[in-house]
Amino acid sequence: MTVLSATQIVSGVGVAVGLALSSVVVDELSGSTVISGFAGTATVLGAALLALPTAKASGSGGRRAGLSLAYAAALAGCLISALAISLRTWPLLLAGLVLVGGGSAGSLAARYSATDLSPKGRSARHLSLVVWASTIGSVAGPNLAKPTDQIGMRLGLVEKAGPFVFAALAFAVALALIFCLLRPDPLTLARSLNEGPDTGRGPKGTIRTAWQTLRTTPTARRALVMIAVSHTAMVSVMSMTPVKLHHDGSNLDVIGLVISLHIAGMYVLSPVVGWLADKAGKVPVLVLGMALLLSAATLAGTAGHAIWQVTAALVLLGLGWSCGLVAGSALVTESVPLERRPAVQGLSDLLMNVCGATGTIVAGAIVGMLGYGVLGLVVGIMVALAGIWLTITWRADRP
């Protein structure tokens with residue numbers, strides 16, 4: 001838990017720096033608001049593409065192998081992104097951002113690593129503690145964009161390349177922590193304690209294994225849907241907010257502060273969310289998450305040029321995402337056998353990020369053609385329908 005938490009702090013810096021700057025840089029290089037939406041899409045798509053390789057590596061070689069793969073990809077992506085900015089080519093920048101998505105894939109996989117050795121009834125709390133550890137790095141990251149940019153320019157880098165080089169260093173430290181210090185491997189140890197040392201030869205982290213498990217586990221299917229909806233809503237609104245603020249005349253300091261408060265909403269209260277999910281139940285917390293996301297979409301859609309209202313919306317957006325991710329992830333973990341967890345967890349991360357990537361594409365088009373307010377309306381309708389569906393199906397399953 002200590003190693004996972006330390007890694008989350010460091011990698012959170014790398015992830016957050018990219019979140020704060022990527023859409024703005026793509027907007028400047030391409031001159032298109034619609035194309036700027038592809039910045040968030042590229043990062044989320046990268047997290048999706050790396051979810052299954054990370055899960056497969058974890059299934060066969062343990063959590064250390066999977067997390068090392070994810071952070072190595074993010075490190076390479078940051079260096080490619082810095083090169084693309086120097087060359088002023090947005091297609092290469094988007095390609096680099098795909099690999100930067102490995103940082104998110106690693107952070108998502110790390111939360112599941114925290115549950116491998118959790119006692120019964122404490123999976124949400126253990127998961128939430130590792131999620132909470134991302135707070136320090138994730139909140140600090142966007143505010144480091146400007147100073148690292150200035151340092152980079154003093155060292156001879158072009159404007160806005162410095163933060164990506166700094167992010168690469170953060171991922172290098174995360175990779176070293178996982179590779180050198182995550183011993184014993186939590187998944188390998190859990191298998192040994194529960195079923196003997198040879199059980200690691202069971203089902204691998206593949207889509208086929210995951211689908212076979214989900215067909216017979218409706219609770220896990222329901223949890224996967226809610227995770228995907230929560231992530232889609234959060235990424236869609238969050239990815240276009242820096243562009244909106246930039247077009248409204250806000251500078252990097254204001255944009256960094258708003259994103260930092262949003263990320264604080266995502267992570268600061270996650271231990272409370274985890275405790276509540278273990279005590280009150282995962283499904284009620286998922287319903288609470290949908291209500292918070294609906295409130296966030298409503299505030300964002302009606303904010304106009306009021307920065308305080310956009311900020312409030314982004315904080316609620318983060319809180320709703322936290323409820324969906326923590327409660328949904330714990331519900332997935334508790335619903336499937338240990339040997340099949342990496343496969344189902346990997347598919348969960350794949351689906352949530354594919355949906356998130358799709359959401360950012362649609363969000364960019366909506367904001368470019370119809371405006372930020374319409375995006376809030378569309379996201380609000382989506383989460384309202386999801387919350388109603390979850391409530392109906394949950395009550396139908398109860399005796």
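Every heavy atom of this structure was used, including side-chain atoms; hydrogens, water molecules and symmetry mates were not.
Between atom CG of residue Leu108 and atom CG of residue Asn353 there is a gap of 6.0 Å, rounded to the nearest 0.5 Å.
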Pairs under 3.5 angstrom only: tabulate donor-acceptor contacts from the side chains of residues 364-373 to other protein residues two or more places apart or in another chain.
residue : atom : partner : partner atom : Å
Tyr372  : OH   : Thr241  : OG1          : 2.7

Got a list of side-chain donor-acceptor pairs under 3.5 Å for residues 71-100, not counting sequence neighbours?
residue : atom : partner : partner atom : Å
Ser81   : OG   : Gly77   : O            : 2.9
Ser86   : OG   : Ala82   : O            : 3.0

Side-chain donor-acceptor contacts of residues 160-170 below 3.5 Å, not counting sequence neighbours, with atom names and distances?
none

Taking it one step at a time, do Arg125 and Lys279 satisfy side-chain contact (heavy atoms from CB on, under 4.5 Å)?
-> CA-CA 10 Å; Arg125 272 171 279 189; Lys279 289 295 184 180; 4.3 Å; yes
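At a threshold of 4.5 Å between side-chain heavy atoms, the hydrophobic network of Ile, Leu, Val, Met, Phe, Trp and Tyr places Val225 and Leu385 in two separate groups.
A salt bridge (Lys or Arg N to Asp or Glu O under 4.0 Å) check over residues 65-78, counting only residues at least two apart or in different chains, returns nothing.
For Arg64, the salt bridge (Lys or Arg N to Asp or Glu O under 4.0 Å) test picks out no residue, with sequence neighbours left out. Annotation: ring pair (Phe, Tyr, Trp, His ring centres under 6.0 Å) contacts of Tyr112 (sequence neighbours excluded): none.
With no hydrogens or angles considered, a side-chain donor-acceptor pair links Ser329 and Arg111 at under 3.5 Å.
Applying the 6.0 Å contact sphere to CZ of Arg183 captures more than 12 heavy atoms from other residues, nucleotides or ligands. Under a cut-off of 6.0 angstrom, the local environment of CH2 in Trp275 is sparse, with at most 12 non-hydrogen atoms contributed by other residues, nucleotides or ligands.
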